[in-house]
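No experiment lies behind these values; they were computed from the predicted model shown. Proteins get letters first, then strands, A, B, ... in listed order; numbering begins at 1 in each.
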Protein chains: 2
Amino acid sequence: MSTEYTNPLFTVDSVLFTVKNGQLMVLLVKRAQAPFTGDWALPGGFIDVLQDINTDATASRKLEAKTGLKPAYLEQLQVISGPDRDPRGFSVTLAYFALVAWQDVSPQISSVESASWIAVNDLEKTNLAFDHLQIIQMAKQRLQQKTLYSMTPVFCLPGQFTIAQLKSVIEAIIEKPIQRKSLMRRIEASGIFEISEEKIPSGGRMAQLYTLKPGADLVNFERNLSL
Amino acid sequence: MSTEYTNPLFTVDSVLFTVKNGQLMVLLVKRAQAPFTGDWALPGGFIDVLQDINTDATASRKLEAKTGLKPAYLEQLQVISGPDRDPRGFSVTLAYFALVAWQDVSPQISSVESASWIAVNDLEKTNLAFDHLQIIQMAKQRLQQKTLYSMTPVFCLPGQFTIAQLKSVIEAIIEKPIQRKSLMRRIEASGIFEISEEKIPSGGRMAQLYTLKPGADLVNFERNLSL
DNA sequence: TTGACATAGTGTCACAGAGACACTAATATG
DNA sequence: CATATTAGTGTCTCTGTGACACTATGTCAA
């Protein structure tokens, strides 16, 4: 009944997405050590039980180290485990999926050489460590699914945003066009958004800025957007 | 960068539900060792890297040990972690949620003294170890949510079942009545059920038996049942 | 100043699937 | 054969998405 000899390697990795120029991007870091030296991998690492109160804190801390800020959205994705996914032996990884506005991280990220945003649809050309490609695909699927029945994608936008921006982010995620009207109905129905005082120019009529109501929880709609 | 000193205790626990006499029940075991000796707890334990190919196998194996069979449905729920949830120190628990037909396990379970089905709505009266009460509530919420947009509850039924049985299981889970008609529409629309050759008596007209198509995946509907 | 254009936002109809509920079908029992 | 009981259908309402035309308000160039 002792646990010493069987305790497997436990790590926390995060799939941090953002949307930039209509493309879904994921943050990857270049591995410095073996195994998979020089390949791209998900940012992550080991729990530090002295400073992390739980695994969410671990994920958040590791992401802050790379981006300079805590992710706007963070949610557990899945635990992946097995004897063969890490050559060093049986390993258990808790994968998170997270969102940020690229406008918020853009300044920091460019200064770090070892971290980089890569378009999710370009990953075939990239050498990815471990089973991180599959994890990213899982995270993408989950994000797409959530986008159909919630406003999760707002976390890819800065504090103030227009409907057009939100629409564009949603379309980048699900890779399908949606109706402006449907989005506005949902914004209205969710009750979690506030109309800002400001408007911003857009090339035509001024666009209304919205903000998330402080402390408002995301709502799940009863119907999906159609695929 | 060594991992030895910080590697926390990692366990796998499962919330195994079934529905019996219109009540959602959860399988609990009586703890024999400290901490929480004599309290009820979720069935679970440590990974055995020699025989478990992953954590799913761990959960499945532990449940089979208690019930005599593998659960019909098994899905990861969440990882719960923290320094205070186990008095022995920082712990990480991967919680699963699982379903079985009570008809399938009923014979075995009664023979084991240390395991017992307890109605989820009676848990206030029960002494539960660790944070297992919260985990069960999380699992219940997830099951309720899934019931609104999928046929997940079929896994609380034996291989052949009637619409009335499925209706009754769904109603026990979401604690609301639903329309027979809506359920039939979904059975039809999902395309994952087969009409069996048999019918069974029911007190009135004979009831059609249905089976899950072999190898069919669960479908997610685009709308929720209303709460 | 004005007209063309571009983007923001609205009005409204069609469509699909859930809710409600009455109706028909089939089986048991007195 | 009448009645009770459960299975299954017909069909209307209701709600929210899709589609798309229409109005509103800004810029820019002639």
Close approaches to DNA chain D from residues 195-205 of chain A, in residue order (heavy atom, under 4.0 Å):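 When residues 195-205 of chain A is checked for heavy atoms under 4.0 Å from DNA chain D, the hits, listed by number, are A/Gly204, A/Arg205.
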
Residues in contact with DNA chain D, drawn from residues 147-180 of chain A - heavy-atom cutoff 4.0 Å: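 Output list: A/Gln179.
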
Side-chain N or O of B/Ser226 closer than 4.0 Å to phosphate OP1/OP2 of C/dG19: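 For C/dG19, OP1 or OP2 has a side-chain N or O of B/Ser226 closer than 4.0 Å.
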
For atom [atom1] of [X] and atom [atom2] of [N], their distance in whole Å:
| X | N | atom1 | atom2 | result |
| --- | --- | --- | --- | --- |
| A/Glu188 | D/dT17 | CD | C1' | 16 Å |
| A/Arg186 | D/dG16 | CZ | C1' | 9 Å |
| B/Leu209 | D/dA7 | CG | P | 11 Å |
| A/Glu222 | C/dA16 | CD | C1' | 15 Å |
| A/Asn224 | C/dA16 | CG | P | 17 Å |
| B/Ile187 | C/dA18 | CD1 | P | 12 Å |
| A/Met184 | D/dG18 | CE | P | 15 Å |

Aromatic plane relationship, B/Tyr73 with B/Phe155 - under 30° parallel, 30 to 60° tilted, over 60° perpendicular: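 It falls in the parallel class, under 30°.
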
Dump every N/O contact between nucleotides 11-15 of chain D and the protein below 3.5 Å, one line per pair.
unit_1: D/dT15; atom_1: O2; unit_2: A/Arg223; atom_2: NH2; d: 2.2

Touch class at under 4.0 angstrom, heavy-atom based, for A/Gln208 against every strand present: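 The answer is sugar-phosphate, as A/Gln208 gets under 4.0 Å only of primed atoms, P, OP1 or OP2.
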
Between A/Asn121 and A/Glu175, a side-chain donor and acceptor under 3.5 Å: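 Per modelled atom types, A/Asn121 and A/Glu175 side chains form a pair under 3.5 Å.
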
Pi-cation contact, B/Phe97 with B/Arg142 (under 6.0 Å, within 45°):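 No.
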
Atom CD1 of A/Ile53: over 12 foreign heavy atoms under 6.0 Å: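 It does not: A/Ile53 CD1 has 12 such atoms or fewer within range.
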
CA sep, side-chain torsions, deciding dist, call: A/Leu123, A/Leu28, side chain to side chain contact (heavy atoms under 4.5 Å, CB included): CA-CA 11 Å; A/Leu123 289 176; A/Leu28 295 176; 4.1 Å; yes

For B/Tyr96, the option from B/Thr55, B/Asp13, B/Thr58 that meets side-chain hydrogen bond (donor to acceptor under 3.5 Å, both in side chains):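 One option only clears the test, and that one is B/Thr55.
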
